[in-house]
Structures are given as structure tokens and as C-alpha cells.
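Here is the structure we will look at.
Fair warning: this is a prediction, and the values are worked out from it, not measured in the lab.
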Amino acid sequence: MPVSHYLSNSFTVLSVINLILAIAVIFIERRNVGTTWAWLMVFLFLPGVGFIFYLLFGQNISKRKIYKIRKDQHEQIEQIVRMQQERFRGGNFVFREPEALSYQDMIYMNLTSANALYSQDNDITVYTDGDEKFDALIESIAQAEHHVHLMYYIVRDDNLGRRLVQALTEKARENVQVRFMYDDIGSAGLKTTLFEELVQAGGKVAAFFPSRIPYINFRLNYRNHRKLAIIDGKIGYIGGFNVGDEYLGLDKRFGYWRDTHLKMEGSSVFQMQAQFILDWELASTERLRDVSIYFPDNLQFNGCEGAQIVASGPNTEQEQIRNAYIKMINAAKHTLYLQTPYFVPDDSVMNALKMATLSGVDVRIMIPAVPDHKTVYMASYSYLGELLALGAKCYLYQKGFLHAKTMVADGKVATVGTANMDIRSFKLNFEVNAFIYGGKTPAQLQEIFQEDLRDASRLSFKEYQARSRMQKIGESLTRLISPIL
């Protein structure tokens with residue numbers, strides 16, 4: 001029998017198998033239509049291999065209960081949320097900041113969908129420089145008396161990484177509880193030798209979703225992108241900086257690293273603490289018996305800013321941060337300033353931005369001039385082009401690499417966190433953002449955006465139209481697979 005016959009039969013069998021797998025993805029996973037079509041294209045152009053990619057990158061875990069919450073804890077959370085809901089519905093909630101009243105519906109939505117309690121006693125400090133942020137964090141660690149909880153997506157074994165671990169080791173030697181969690185994929189190549197002294201001193205370290213089989217991780221696509229630090233339950237850090245020398249601007253490829261991070265002191269820290277404990281018990285073998293010691297009830301906070309901590313992840317069908325973004329875009333009346341390293345929005349976010357632009361809102365989007373992921377960058381350009389055509393303004397940050405994930409509406413409501421303006425952050429990553437209503441911080445973040453304009457060049461629609469044919473082709477191709485980038 002000729003070889004061509006064997007090849008023909010093999011191709012037929014492979015095609016049938018590929019079709020069965022494609023049908024399984026459609027009817028079993030029941031994904032978003034755009035995501036489903038993107039995976040079907042992968043199956044079509046990469047038969048056989050495409051399914052391996054799906055196993056590594058595409059499985060849906062939203063229907064799995066990955067967090068183990070005790071019944072009594074769940075009932076307590078539900079009771080607290082229900083009490084605040086009733087106060088909002090009954091019109092009995094007193095806003096300390098009058099401007100926050102305008103966003104009551106957004107606050108209620110986050111409370112209902114994400115159990116994000118609204119607190120009004122927060123004092124917030126904004127950091128845009130890595131040295132300042134890590135100096136502040138290490139100083140906070142040095143003052144810790146009971147516990148230090150840290151989680152980062154990327155941790156490097158370099159000068160900054162060793163400096164941070166040394167600070168934690170010193171506290172562990174003082175019998176302060178230290179827990180440090182990092183993402184196994186984000187920190188790929190990180191050796192546990194970095195933590196040897198910390199563990200010997202009594203500190204605890206855990207990797208999130210580590211590979212159980214060498215070089216193979218079937219949860220590869222689900223990354224804990226959160227960056228949180230909680231000290232004694234009263235100080236919290238949240239934002240975009242990871243742990244590595246490049247975040248101090250010491251990488252020649254990127255140069256200066258422009259990011260945004262918040263130091264928060266107030267009841268919002270309790271929400272960060274709750275999220276850390278959930279992730280810690282998922283990643284480690286430790287089960288914390290008495291979690292109440294991490295939520296001290298004798299603290300007096302003197303801040304006056306209203307805030308919510310909103311978390312989202314692939315473990316739920318709700319895309320809480322994405323929905324909060326949309327609500328915030330729709331609430332903008334005059335200005336909407338957005339900074340993100342990756343701009344790959346889904347249809348709902350894109351439509352909200354288009355409507356804001358067409359309604360006369362001054363929509364300004366800033367992305368880095370030099371990309372770190374060229375494929376995502378090409379997709380970003382394709383989306384920006386649609387908004388430029390409607391009158392939105394786009395700026396390319398030139399001073400270094402822009403990694404900030406911030407959005408400010410009218411200088412009155414703002415968000416800072418870990419979620420990029422892309423589908424991966426909406427659907428696939430474990431993310432966490434702070435939403436701030438009224439007060440000084442939204443106005444300050446708007447001023448920071450305006451200062452960044454000095455180091456950015458504006459991309460006009462005419463310049464966008466003049467891009468090369470190859471760039472247009474690249475944008476079209478990456479746009480097709482943007483739901484799974």
C-alpha cells in the first residue's frame with residue numbers, strides 16, 4: 001500500500017478527532033462566543049497540536065469550587081454584606097465624601113457581585129516609582145509586630161528580591177509570622193534557594209498553582225497576577241509593581257519603569273487580608289485555624305477616603321473587575337484617563353469606550369511606546385484604531401516602560417490594581433483592584449496622568465492609517481486570537 005494512502009488515512013483520522021474535540025469545547029465549556037471561535041481557529045490550523053495547547057491554556061475552571069471556605073466564615077461574610085446592602089437600599093448609608101454619593105450604584109454593584117465592602121476610613125499614598133514603593137514597603141515590614149503577608153506575580157532572585165527576602169527573614173527571626181506567596185508561572189525559573197534562610201527562620205513560602213509534573217502544567221493559563229502586601233492587618237499595598245530589579249528601572253531593555261502602586265491604611269486592608277488568606281490556603285498546605293487574629297478589631301483609622309477592594313478570577317462566571325470598569329466608563333461625564341500596558345478589551349468594554357467618546361467625554365488612553373509582548377501590542381493597535389477614528393486620544397509613553405493599570409473618571413473616581421485592560425485580566429488571571437471614590441486620590445491620579453503626557457507622544461488617526469501593510473496584516477491576525485492572548 002503506498003505511503004500516500006497511509007498519510008491520507010492518518011490525516012482523515014486526525015481531522016475526525018480534531019472535529020470531536022472542537023465539538024466538545026463548544027458544548028462542554030460553553031464559553032464566550034469570541035473565545036470559542038478563537039480556539040476553533042487554533043484547532044483548524046494546528047490539528048492535534050491545537051488540543052495540546054487547549055489542555056495547557058484553555059480549560060475553563062469557572063465551574064469548579066477551588067476556594068474552600070468554611071460554612072461559618074461564609075455565613076459571616078454574607079451577613080456583613082447583607083447588612084451593608086440593606087443600608088444602601090434603605091437610603092440609610094451616610095457618605096462622608098459627598099462626591100462618592102454619585103457612584104452609589106457602582107459601589108452597590110461591587111458589593112453585590114464581589115462582596116466588596118465599602119469603607120470610608122482609608123488613608124491612601126500613591127507611588128509611581130519603584131524605589132519609593134519598595135523603600136516604603138520594607139520600612140513597613142521593619143515595623144511589623146505580628147504578621148507580614150505578601151503575594152506577587154513575579155519574584156526575581158536579584159538585588160531587590162534578596163533585599164526583600166532578607167527583610168522578611170529578619171522579622172521571622174523576631175517571631176513575626178511571615179507568609180510569602182508567588183505565582184509559579186510568573187516566577188518561572190525561580191529557585192527555592194532564595195527562601196532557604198527565610199524558611200529556616202520560621203517563615204512560610206508557597207507557589208501558586210505549581211506544576212505537579214516536570215515541565216508540564218495543565219493550569220498554565222491561570223495565573224495569580226495579584227500583588228498584595230499586608231502588614232499587621234492595618235497597612236496594605238496594592239498595584240502593579242512586581243519584585244525584580246527591572247521594576248526599579250535597572251533593565252536596559254525597558255529603562256525607567258513607570259508603574260502605579262497604593263499604600264492603604266484603613267478598613268480596606270481587611271478585604272486585602274481576606275483575599276490573601278483565600279489564596280494562601282489554596283496554594284499552601286497550611287490551614288489557618290483562627291483567622292480572626294489577622295483582622296484586629298482595636299484599630300483606629302483616621303483616613304477619610306472611600307474605597308472598595310474588588311477581586312476577580314477564572315473561578316467565577318462573573319467578571320467583577322471588568323464590570324466595574326464598564327460601570328466607571330459609563331459614569332464619566334467629562335474626562336476618562338486610562339493607562340495600561342496592554343489594550344485588548346472585549347466587546348462590552350470597547351462599546352462603553354466608544355459610547356463615552358461619542359458622548360463628548362474626553363477619552364485618553366496611554367500605552368507604552370515600546371512593547372514587551374509584540375503580539376499583544378499589535379492587537380492593542382487594532383483596538384486603538386477604532387477609538388481614534390471616533391475622536392479618542394491615544395498617547396505612547398516614551399520615557400520608559402508603562403506598566404500602570406489605572407483609570408480615572410472626572411477626577412472623582414479611580415481604580416488602581418493589577419488588572420490590565422485586556423481579556424486575559426478579565427477572564428483568565430486572578431486579579432485585584434482598589435476602587436476609590438471622591439477625596440484626594442482620584443484627583444491626584446488625574447494630575448499624574450497629565451504629568452505623564454510630558455513624556456508621551458500623541459498618536460494621531462492619520463499616523464495610525466499610515467502604518468505599513470505588514471503591520472496591518474499582523475493586527476488583523478492577532479485581533480482574531482485576541483480572546484485567548
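- Looking at Tyr342 and Asp372, their side chains do bring a donor and an acceptor atom within 3.5 Å of each other.
- If you take CD on Gln271 and CZ on Phe295, they are separated by 8.5 Å, rounding to the nearest 0.5 Å.
- One distance of note links CZ of Phe276 with CE of Met181; it measures 5.0 Å at 0.5 Å rounding.
- No side-chain donor-acceptor contact under 3.5 Å links Gln120 and Tyr437.
- Phe134 has its ring centre no less than 6.0 Å from the ring centre of Tyr247.
- For Lys263, the NZ atom sits in a packed shell: over 12 heavy atoms of surrounding residues, nucleotides or ligands are nearer than 6.0 Å.
- The line from CE of Met272 to CG of Leu262 is 7.5 Å long, rounded to the nearest 0.5 Å.
- For the atom pair CD1 of Ile124 and CD of Glu265, the computed distance is 10.5 Å after rounding to the nearest 0.5 Å.
- Looking at Glu139 and Gln143, their side chains do bring a donor and an acceptor atom within 3.5 Å of each other.
- To the nearest 0.5 angstrom, Leu150 atom CG is 5.0 Å from Tyr152 atom OH.
- A side-chain donor-acceptor contact under 3.5 Å links Glu305 and Thr441.
- Judged by distance alone, with hydrogens and angles left aside, the side-chain atoms of Thr316 form a donor-acceptor pair with the main-chain N or O of Gln318 at under 3.5 Å.
- A donor-acceptor pair shorter than 3.5 Å cannot be found between the side chains of Tyr395 and Asp452.
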**Report entry** Residue pair Phe254, His403: steps toward the ring pair (Phe, Tyr, Trp, His ring centres under 6.0 Å) verdict
**Finding:** CA-CA 11 Å; Phe254 297 114; His403 192 249; 9.3 Å; no
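- In this structure, Ser460 contributes its side chain and Glu463 its backbone to a donor-acceptor pair below 3.5 Å.
- Annotation: the span from Leu164 atom CG to Phe180 atom CZ amounts to 5.0 Å, rounded to 0.5 Å.
- Outside the 6.0 Å centre-distance limit, the rings of His261 and Tyr127 are not counted as a close aromatic pair.
- Surrounding CG of Asp131 are more than 12 heavy atoms belonging to other residues, nucleotides or ligands, all under 6.0 Å away.
- For the residue pair Tyr397 / Gln339, no side-chain donor-acceptor distance below 3.5 Å is found, with atom types taken as modelled.
- In this structure, Phe95 and Tyr118 have tilted ring planes: the angle between them lies in the 30° to 60° band.
- Donor-acceptor pairing under 3.5 Å is lacking for the side chains of Ser312 and Glu319.
- Remark: Arg179 engages Glu286 in a salt bridge, criterion side-chain N to carboxylate O under 4.0 Å.
- Surrounding NZ of Lys204 are at most 12 heavy atoms belonging to other residues, nucleotides or ligands under 6.0 Å away.
- Between Tyr294 and His149, the ring-plane angle classifies as tilted under the 30° and 60° cut-offs.
- Heavy-atom contacts from other residues, nucleotides or ligands closer than 6.0 Å to NZ of Lys227 number more than 12.
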**Report entry** Steps toward ring pair (Phe, Tyr, Trp, His ring centres under 6.0 Å) verdict (Phe430, Phe208)
**Finding:** CA-CA 11 Å; Phe430 294 86; Phe208 190 87; 5.2 Å; yes
Query raised in the report: Where do Phe435 and Tyr103 land on the ring pair (Phe, Tyr, Trp, His ring centres under 6.0 Å) test, with the steps shown first?
Result: CA-CA 11 Å; Phe435 288 83; Tyr103 303 99; over 10 Å; no
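- Using cut-offs of 30° and 60° on the angle between ring planes, the pair Tyr381 and Tyr377 is tilted.
- For the residue pair Asp422 and Ser425, a side-chain donor N or O sits within less than 3.5 Å of a side-chain acceptor on the partner.
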